[in-house]
Structure formats: structure tokens, C-alpha cells
Amino acid sequence: MLLEDLQVILKVAECRSITAAAAKLDMRSATASAALKRVESQLGAELFIRTTRHLRLSSAGERYIPQCEQALLMLEQAKQNMKHDLDVIDGELRIALSSDLGRNVLSPWLDEFMANYPALSLRSSISDSNIDFYRDSVDMALRYGSPSDASVYGFKICKVPRLLCASPEYLLKHGSPQQPEDLREHNGLLYQLHDIIHDVWRFSHQQQEYKIKMPSNRAANDGDLVRRWCVAGHGLAVKSSLDMAADLLSGKLVSVMNSYQPTATELWLICPSRQSITSAMRLLRDSLREKTQDLLQQLVSEKILPANVLA
């Protein structure tokens with residue numbers, strides 16, 4: 001029985017569709033259907049009950065699929081252990097990245113990583129949408145915020161301060177806010193996720209919390225676009241210091257109202273399970289930790305961030 005056929009079986013069980021499974025595996029539906037027929041023929045039992053509209057596990061499939069999945073996981077782990085012992089770094093990295101961080105910060109870092117490990121291939125997905133590992137063809141995701149789903153496994157990369165930023169041109173025209181109440185006279189560049197516009201900005205100062213509902217004439221579901229609007233002088237934005245680092249270091253943007261700190265976040269590399277972690281993923285994790293630390297250090301050296309962010 002071919003391992004490739006068993007992988008098709010598991011994907012069909014996951015997707016509850018031969019067509020959807022084939023799309024996930026980058027193969028024709030006929031090829032996936034043939035793999036299913038081969039396995040069922042060798043087992044002498046039907047794993048799925050098919051109708052014109054639906055596909056579901058049969059009683060035989062309900063018994064077989066979990067054991068098949070466990071066996072393939074053990075084989076994959078054994079292969080990864082062998083590669084680790086032999087210092088072999090290969091395979092495909094399928095990673096989901098947020099729009100701004102992915103395009104403007106991670107891209108050159110990933111180029112360097114790939115150059116160091118030429119046997120690797122890369123498939124990146126750029127989106128600010130939430131990742132569903134059972135729906136999306138990715139093995140890991142780099143996301144802001146600690147994982148809320150207990151079923152996933154993650155590595156914390158770093159703590160990430162957020163900053164309130166504007167272009168020098170905007171501040172020259174509209175003035176620089178000194179305290180949260182001043183923001184009511186400014187234009188906020190807002191982030192939108194799942195049709196929810198995040199127009200309430202939160203700050204802390206001397207252990208006191210402030211919430212301001214921002215007036216705004218622009219909102220986007222793409223963090224990169226919000227940053228571009230900010231650089232173009234269309235308003236103020238609260239963004240990750242990693243996303244804004246290049247513009248802050250070049251002077252295209254400046255951090256304002258620095259005694260009032262926006263709520264910090266964290267950067268995490270998440271994957272569907274501990275068993276899915278490969279040697280390449282661990283190396284990428286270590287590289288990301290080093291690169292983000294270096295970038296935050298540059299912001300500290302230029303006094304854009306306080307030194308305690310590195311603690």
C-alpha cells in the first residue's frame with residue numbers, strides 16, 4: 001500500500017470531499033479517486049459512504065482512519081528524527097504571513113534563510129485573515145497575539161511594542177498630539193478584521209488606562225495599506241513596531257505621544273500540532289527570534305523604543 005495513497009485518504013477524510021482533497025494536494029480529482037479505490041480494494045472494505053451530495057466515513061473508515069493517521073505521524077516523525085541526526089534540512093516550508101510583516105519585513109529574512117538551506121522550498125500565503133490549518137494549505141503561521149486555540153502548538157518569537165505613528169508632513173500640518181484626548185482632533189487610520197473596524201485605541205500611562213474612539217475617514221483589512229496611508233500623511237496609525245521599523249528608522253514616520261503606550265502584543269509562530277514540527281521549522285523559529293531581536297535593538301539604539309523592551 002502506497003504512503004501517498006494513504007495521505008490522500010486522510011485528506012479526503014479531513015475535507016469530506018474528493019475534489020477538495022485533490023485541490024489541497026495539488027492533484028487531479030481523478031488521481032485522488034484512483035488512490036481511494038486502490039486503498040479500499042486492498043483493504044476489502046469501503047472507507048466512505050458516497051452519495052450524490054455528500055461523503056462521510058463508513059463504520060470501517062471510522063475505525064481505520066484514526067489508526068492510519070497515527071501510523072503516518074509516527075513514520076513522519078521517524079523520518080524527521082533521521083534527518084535531524086544527519087543534519088539534513090529539506091522539504092517544503094508552507095507558511096502564512098500577515099500582509100505588512102510578510103511583505104516588508106519577512107521577505108528578505110526568508111530569502112536569506114532559503115539561501116542558507118538551498119534544499120528547502122517555500123510556499124508563502126500573505127493575508128491578515130485568521131488561519132485554519134484544516135482549510136488552508138499551510139503548515140505554520142506567523143501571527144501577532146498569543147494563540148487562543150488550545151489545539152494548536154506555538155513558539156513565542158518576541159514581545160512586540162506597538163507605537164502611535166504619523167508622518168512629519170502630517171504633524172507639521174495638524175500638530176502633534178500630547179495626550180489621548182488630543183486624538184479626537186486627528187484622523188485615525190483604522191484596521192478592519194471580519195467586518196469589525198477597530199476604532200477604539202487603548203493606551204497606558206503611569207498604571208492608568210485610556211480608551212479613545214477615533215474619528216476616521218479610512219479603514220482597511222490590510223495592515224500594509226494602513227502603513228502606506230500613514231507614510232503618505234493621511235493620519236495617525238497604531239501599528240506594530242516591527243511593521244513600522246524601516247519607516248521609523250528612515251524618518252518617513254515618527255513615533256508620537258511616547259509617554260502613553262499602546263497595548264503591546266506578541267509575535268508567535270504557530271503550527272497545528274507538536275508532531276508537525278520539523279527541523280526546518282525549528283531553525284526558522286531560531287532565525288526569526290534572532291532577526292526580530294536585532295530589529296528591536298536598532299529601534300532601541302535610535303531611542304525610538306525604550307531599552308526595557310529587550311528585557
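In what follows, residues are counted from 1 in the order of the sequence shown. This is a predicted model, so every value here is computed, not measured.
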Step-by-step side chain to side chain contact (heavy atoms under 4.5 Å, CB included) determination, Ile304 to Val300
CA-CA 6 Å; Ile304 297 169; Val300 169; over 6 Å; no
Side-chain heavy atoms nearer than 4.5 Å, only ILVMFWY residues, links allowed to pass through others: does that put Leu142 and Met244 together?
yes
How long is the span from the CZ atom in Arg228 to the CG atom in Leu225, to the nearest 0.5 Å?
8.0 Å
Rounded to the nearest 0.5 Å, what separation is found between the NZ atom of Lys252 and the SG atom of Cys230?
12.5 Å
Judged by atom type as modelled, is there a donor-acceptor pair below 3.5 Å linking the side chain of Ser125 to the main-chain atoms of Ala96?
no
Would you call Arg202 and Glu209 a salt bridge, taking side-chain N to carboxylate O under 4.0 Å as the test?
no
When Leu288, Thr292, Leu295 are each screened for side chain to side chain contact (heavy atoms under 4.5 Å, CB included) with Cys158, the one that passes is Thr292
How far apart are the C-alpha atoms of Asn217 and Asn187, what are their side-chain angles, what is the distance that settles it, and do they pass the side-chain hydrogen bond (donor to acceptor under 3.5 Å, both in side chains) test?
CA-CA 7 Å; Asn217 65 3; Asn187 188 48; 2.8 Å; yes
The test is side chain to side chain contact (heavy atoms under 4.5 Å, CB included); show your working for Gln70 and Ile65 and say whether it passes.
CA-CA 9 Å; Gln70 190 62 35; Ile65 294 298; over 6 Å; no
Could you tell me whether Glu14 and Lys11 make a salt bridge, using a distance below 4.0 angstrom between a side-chain N and a carboxylate O?
yes
What heavy-atom pair brings Pro168 and Gly251 nearest, and what distance separates the two atoms?
CG-O, 3.6 Å
Does the side chain of Leu248 come within less than 4.5 Å of Ser250's, by heavy atoms?
no
So, do Ile9 and Leu36 sit near enough that their side-chain heavy atoms are less than 4.5 Å apart?
yes
Counting only N and O atoms by type, is there a donor-acceptor contact under 3.5 Å from the side chain of Gln67 to the main-chain atoms of Arg63?
yes
One pair to check against side chain to side chain contact (heavy atoms under 4.5 Å, CB included): Glu92 and Leu120. What are the steps and the verdict?
CA-CA 6 Å; Glu92 184 178 63; Leu120 284 173; over 6 Å; no
Are Val200 and Leu183 linked, directly or through intermediate hydrophobic residues, by side-chain heavy-atom contacts shorter than 4.5 Å (ILVMFWY only)?
no
Given Val238 and Met214, is the side chain to side chain contact (heavy atoms under 4.5 Å, CB included) satisfied, shown in steps?
CA-CA 11 Å; Val238 172; Met214 287 298 298; over 6 Å; no
Got a salt bridge between Lys37 and Asp5, using NZ or NE/NH1/NH2 to carboxylate O under 4.0 Å?
no
Say whether Leu101 and Tyr191 are linked into one hydrophobic cluster, either directly or through other cluster members, by side-chain heavy-atom distances under 4.5 angstrom.
no
Rounded to the nearest 0.5 Å, the OG atom of Ser129 sits from the CG atom of Asn221 at a distance of 7.0 Å
Distance (rounded to the nearest 0.5 Å) between Phe155 CZ and Cys271 SG:
5.5 Å
Looking at Gln179, is its backbone amide N or carbonyl O close enough to the side chain of Glu181 to form a donor-acceptor pair, meaning the two atoms are under 3.5 Å apart?
no
Taking Pro161's backbone N and O only, do any of them form a donor-acceptor pair with Ser241's side chain (distance below 3.5 Å, no angle check)?
yes
Tightest non-hydrogen contact, residues Arg16 and Leu55, listed as CD-O, 3.4 Å
If Ile, Leu, Val, Met, Phe, Trp and Tyr residues are connected whenever their side-chain heavy atoms lie under 4.5 Å apart, and connections chain through other members, are Val226 and Leu171 in the same group?
no
For the pair Ser33 (side chain) and Ser29 (backbone), establish whether a donor and an acceptor sit closer than 3.5 Å, ignoring hydrogens and angles.
no
Salt bridge present between Asp286 and Arg282 (N-O < 4.0 angstrom)
no
In short, Glu266 meets Ser146 closest at the heavy-atom pair OE1-CB, 3.7 Å
Any idea which heavy atoms bring Gly223 and Asp128 closest together, and the distance?
N-OD2, 2.8 Å
Could you state whether Val160 and Leu97 fall into the same hydrophobic cluster, counting links through intermediate Ile, Leu, Val, Met, Phe, Trp or Tyr residues with side-chain heavy atoms under 4.5 angstrom apart?
yes
Atom pair CD/CD1 of Gln192 and Ile197 - distance to nearest 0.5 Å
4.5 Å
Test your reading of the model: is there a side-chain donor-acceptor pair from Asp182 to the backbone of Ser176, 3.5 Å cut-off?
no
Test your reading of the model: is there a side-chain donor-acceptor pair from Ser240 to the backbone of Arg162, 3.5 Å cut-off?
no
Can you find a heavy atom in the side chain of Tyr260 that is under 4.5 Å from one in the side chain of His205?
yes
Side-chain contact test, heavy atoms from C-beta onward, threshold under 4.5 Å: evaluate it for Tyr144 versus Leu242 and give yes or no.
yes
Would you indicate whether the side-chain heavy atoms of Leu190 and His198 approach each other to under 4.5 Å?
no
Salt bridge or not for Asp243 and Arg227, using N-O below 4.0 Å?
no
Tell me, do Phe203 and Lys211 make a side-chain contact under 4.5 Å, heavy atoms counted?
no
So which atom in Tyr170 and which in Gly235 form the shortest heavy-atom distance, rounded to 0.1 Å?
CE1-CA, 3.5 Å
CD on Glu302 to OG on Ser255, rounded to 0.5 Å:
13.5 Å
Using modelled atom types and a 3.5 Å cut-off, is there a donor and acceptor pairing between side-chain atoms of Thr278 and backbone atoms of Met281?
yes
Can you list every side-chain hydrogen bond (donor to acceptor under 3.5 Å, both in side chains) pair that touches residues 105-115, not counting sequence neighbours?
Glu112-Lys291
Compare every heavy atom of Ser99 with every heavy atom of Asp224, then report the nearest pair and how far apart it is.
N-OG, 3.3 Å
With a cut-off of under 6.0 Å to the ring centre and 45° to the axis, is Arg218 in cation-pi contact with Trp229?
yes
Hey, does Phe113 have a side-chain heavy atom less than 4.5 Å from the side chain of Leu93?
yes
Is any side-chain heavy atom of Leu189 closer than 4.5 Å to one of Leu236?
no
Step through the shown structure and confirm whether more than 12 heavy atoms of other residues, nucleotides or ligands are within 6.0 Å of CZ on Arg184.
yes
